[in-house]
Amino acid sequence: MAQLTKHKWLIAIAAAVIIVLAVIWIALSQASKPDRVLEKFENAVKIKDTKQLEGLIVADNPNALVNNISLQAMIRYLKTNANSYQVIRDDIHNQSGWIRKQCMGEQKRTETKKCPRPEMGPERR
């Protein structure tokens, strides 16, 4: 009888671990959805959160510094140049639609596909 109780506890613990891992996986996958990136970017600029921006900005030039000082300068620039800020927001929105179309909308449920990273065109550089 004690052996049966031990097995029940092991099964319950294993089920709890699986549920916790599933919840974590779902939360992380939701956080990295393309639409969430735009929302995080807008929020980071709005509240001047350089730490959050640091996780979103990837420099295409390996010599470019992405640090607290450069991100503060970028936020100041975006806050004083509404047109530039709108162009960046539009570009992020367009890229998220492209990613959604390429990686989520056209593939079959059983198909796994690595999503390519969209390159910025010369008109946006």
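Computed from a prediction, not measured in an experiment: that's the story for all the values here.
- The closest side-chain heavy-atom distance from Thr50 to Glu54 is not below 4.5 Å.
- Side-chain contact check for Met74 versus Leu78: some heavy-atom pair is nearer than 4.5 Å.
- Between Asn63 and Asn61 the shortest heavy-atom distance is N-OD1, 2.8 Å.
- Atom CG of Asn68 is separated from atom NZ of Lys51 by 6.5 Å, given to the nearest 0.5 angstrom.
- Of the N and O atoms on the side chains of Asp90 and Gln86, at least one donor lies less than 3.5 Å from an acceptor on the other residue.
- Rounded to the nearest 0.5 angstrom, Gln52 CD and Lys46 NZ are separated by 12.5 Å.
- At distances below 3.5 Å, not a single donor-acceptor pair connects side-chain atoms of Asn81 with backbone N or O atoms of Asn83.
- Remark: Leu65 engages Asn67 in a side-chain contact (heavy atoms from CB on, under 4.5 Å) (not counting sequence neighbours).
- Counting non-hydrogen atoms of neighbouring residues, nucleotides and ligands closer than 6.0 angstrom, the CD1 atom of Ile69 reaches no more than 12 such neighbours.
- Between Asp49 and Ile75, the closest heavy-atom pair is N-CD1, 4.3 Å.
- Side-chain contact between Arg89 and Glu42: present, with at least one pair of heavy atoms (C-beta onward) separated by less than 4.5 Å.
- For the pair Lys48/Lys79, a side-chain contact is recorded, criterion being any heavy-atom separation below 4.5 Å from C-beta on.
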